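A quick note: this is a predicted structure, and the numbers were derived from the prediction, not measured.
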Amino acid sequence: GNYYKLQEEIQIKTLDASHNRVQEIGPMNVPNSIELMFINNNHINKIHTNSFIDKTKLIRVDMYANNLQKLQLHQLRIAPSIGGGRNSVENQQPLPEFYLGGNPFECDCTMEWLQRVNNFTSRQHPKIMDLQNVECIMPHSRGAQIRPLNQLDNSEFLCSYESHCFALCSCCDYEDCNCDMKCPTNCTCYHDQTWGTNMVDCGRQETQKFPQKIPLDVTELYLDGNNYPELDSNLFRNHNKLRHLYLNG
């Protein structure tokens, strides 16, 4: 717990806590003098904000093979360049190298940045050295549940939703509103960050009852594995963004 806040006084350069049972990392757990940090093969499922921002000498952090499911960009913030605050580094100092492979990442719409992090121009985040080894669990996927990060398209980073009304939408209280997103009963729905992908999955229910009020902005609609005897000719009349329709089985 570092009760006496000794992270500025302990002059440790290399810390190897790999193959233990560490569950989380915070700014008080790591000496500010640290250069090399090996915390791979632990049980880490949480990284606190600003855990690395005061570590101005940081060279490498190995977090391979932990239990990280979600990771936000601000959790990997590093010491800024000169002029960015009290603990800053020279502009020419190489970016710290991080290793993140072997974690069970759930790549939803909040994780899309991970694919692009090495292309960021500002000195605020580390370089991820093993992006080619990062795999994603895709809970919405009908195909492979685990996919390599570098094979994913932006539109595949999806978050689930039950209802959503866009801020500028003025018709959410009315029927047939094209900016009111309500997931139909007994269905699951997903969207990407821009809502360019809007997936509605009402399949594999073996029902004769057609789902009511399918969002008008749906782009992928799964109705497979049901027992519909017929479809009304006006069923998809207003769904003008529909790209994929599954009615098999």
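No single ILVMFWY cluster, assembled from side-chain heavy atoms under 4.5 Å apart, contains both M111 and Y99. Note: the hydrophobic cluster containing L73 does not contain M129 (ILVMFWY, side chain heavy atoms under 4.5 Å, direct or indirect links). Neither M199 nor I137 shares a network with the other; the hydrophobic side chains, linked directly or stepwise wherever heavy atoms of I, L, V, M, F, W or Y lie under 4.5 Å apart, form separate groups for each. Linking Ile, Leu, Val, Met, Phe, Trp and Tyr residues whenever their side-chain heavy atoms come within less than 4.5 Å places F52 and L15 in a single cluster. Using a 4.5 Å cut-off between side-chain heavy atoms of Ile, Leu, Val, Met, Phe, Trp and Tyr, with links allowed through other members, V22 and I34 fall into the same hydrophobic cluster.
Residues L149 and L114 approach most closely at CD2-CG, 3.9 Å, considering heavy atoms. When all heavy atoms of N154 and Q115 are compared, the closest pair comes out as OD1-OE1, 3.6 Å. For G196 against T219, the heavy-atom pair with the smallest separation is O-CG2, 3.4 Å. The two residues C159 and T110 come nearest to each other via the heavy atoms SG-N, 4.0 Å. Scanning both residues, D130 and F98, for their nearest heavy atoms gives OD1-O, 4.0 Å. Nearest heavy-atom pair across S51 and I25 is OG-O, 3.2 Å.
Ring geometry for H239 against F236 counts as perpendicular: the plane angle is over 60°, on a 0 to 90° scale with 30° as the lower cut. Note: H125 and F120 have perpendicular aromatic rings, judged against thresholds of 30 and 60 degrees for the angle between ring planes. Taking the six-membered ring where tryptophan is involved, the planes of F166 and W195 are perpendicular, since the angle between them exceeds 60° and thus also 30°. Ring pair Y246/Y222 is parallel by interplanar angle, where below 30° counts as parallel and above 60° as perpendicular.
Taken from CZ in R243 to CD in E220, the straight-line distance is 6.0 Å, to the nearest 0.5 Å. Here the straight-line distance linking atom CD of E135 with atom CG of N150 works out to 9.5 Å at 0.5 Å rounding. Considering CG of L216 and CG of N238, their distance stands at 6.0 Å, rounded to 0.5 Å. Atom CD of residue Q69 and atom SG of residue C107 lie 11.0 Å apart, to the nearest 0.5 angstrom. From C189, atom SG reaches atom NE2 of H164 across 13.0 Å, with rounding to the nearest 0.5 Å. The structure places OG of S18 at 6.5 Å from CG of N41, a figure rounded to the nearest 0.5 Å.
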| message | Go through it in stages, so that I can follow the logic: the residues are R123 and I78, the test is side-chain contact (heavy atoms from CB on, under 4.5 Å), and I'd like the CA-CA distance, side-chain angles, deciding distance and then a yes or no. | response | CA-CA 8 Å; R123 198 195 192 285; I78 60 172; 3.6 Å; yes
Practice prompt. With side chain to side chain donor-acceptor pair (under 3.5 Å) as the test, would you mind laying out the steps for Y64 and D62 before giving the verdict?
Written response: CA-CA 6 Å; Y64 187 89; D62 192 338; over 6 Å; no
Quick one, H191 with D217, criterion side-chain contact (heavy atoms from CB on, under 4.5 Å). Give me CA distance, side-chain angles, the key distance, then yes/no. CA-CA 10 Å; H191 70 93; D217 271 2; over 6 Å; no
Worksheet item: C179 and C169: disulfide (SG to SG under 2.5 Å), yes or no, with the steps?
Response: CA-CA 6 Å; C179 50; C169 186; 1.9 Å; yes
**Step-by-step side-chain contact (heavy atoms from CB on, under 4.5 Å) determination, L223 to L231** = CA-CA 11 Å; L223 297 171; L231 295 177; 5.7 Å; no
- After noting the C-alpha distance and the side-chain angles of L235 and F210, does the key distance pass the side-chain contact (heavy atoms from CB on, under 4.5 Å) rule? CA-CA 10 Å; L235 209 52; F210 199 82; 3.1 Å; yes
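No side-chain donor-acceptor contact under 3.5 Å links N103 to the backbone of F105. One N or O on the side chain of N226 and one on the backbone of Q205 form a donor-acceptor pair closer than 3.5 Å. Not a single donor-acceptor pair under 3.5 Å links the side chain of N66 to the backbone N or O of L68. Not a single donor-acceptor pair under 3.5 Å links the side chain of N227 to the backbone N or O of Q208. Between the side chain of Q193 and the backbone N or O of E112 there is no donor-acceptor pair closer than 3.5 Å. When atom types are taken as modelled, the side chain of N133 and the backbone of G101 share no donor-acceptor pair closer than 3.5 angstrom. With D192 contributing its side chain and F157 its backbone, the two residues share no donor-acceptor pair below 3.5 Å. Between the side chain of N42 and the backbone N or O of A17, at least one donor-acceptor pair lies under 3.5 Å. Side-chain atoms of D54 do not come within 3.5 Å of backbone N or O of N32 as any donor-acceptor pair. A donor-acceptor pair under 3.5 Å is absent between the side-chain atoms of N29 and the main chain of P27, judged by distance alone.
With L245 as the partner, the side chain to side chain contact (heavy atoms under 4.5 Å, CB included) test is satisfied by one option alone out of L221, V218, D224: L221.
Residues K213 and K182 are not in side-chain contact: their nearest non-hydrogen atoms beyond the backbone lie 4.5 Å or more apart. When side chains are defined from C-beta on, T14 counts as touching F38, because their heavy atoms get closer than 4.5 Å. Using a 4.5 Å heavy-atom threshold, the side chains of K13 and S33 count as separate. When side chains are defined from C-beta on, E156 counts as touching R147, because their heavy atoms get closer than 4.5 Å. Between P215 and C183, every side-chain heavy-atom pair lies at or beyond the 4.5 Å cut-off. Counting only heavy atoms from C-beta outward, the side chains of M28 and H48 never approach each other to under 4.5 Å. Looking at heavy atoms from C-beta onward, R77 lies in side-chain contact with N50 at the 4.5 angstrom threshold. In this structure, W113 and L76 have side chains that are in contact, with non-hydrogen atoms separated by less than 4.5 Å.
Within 6.0 Å of atom CZ in R21, 12 or fewer heavy atoms from other residues, nucleotides or ligands are found, so the atom counts as exposed in its surroundings. The number of heavy-atom neighbours closer than 6.0 Å to CD of E206, taken from other residues, nucleotides and ligands shown, is 12 or below.
No hydrogens or angles considered: nothing links the side chains of Y190 and D201 as a donor-acceptor pair under 3.5 Å.
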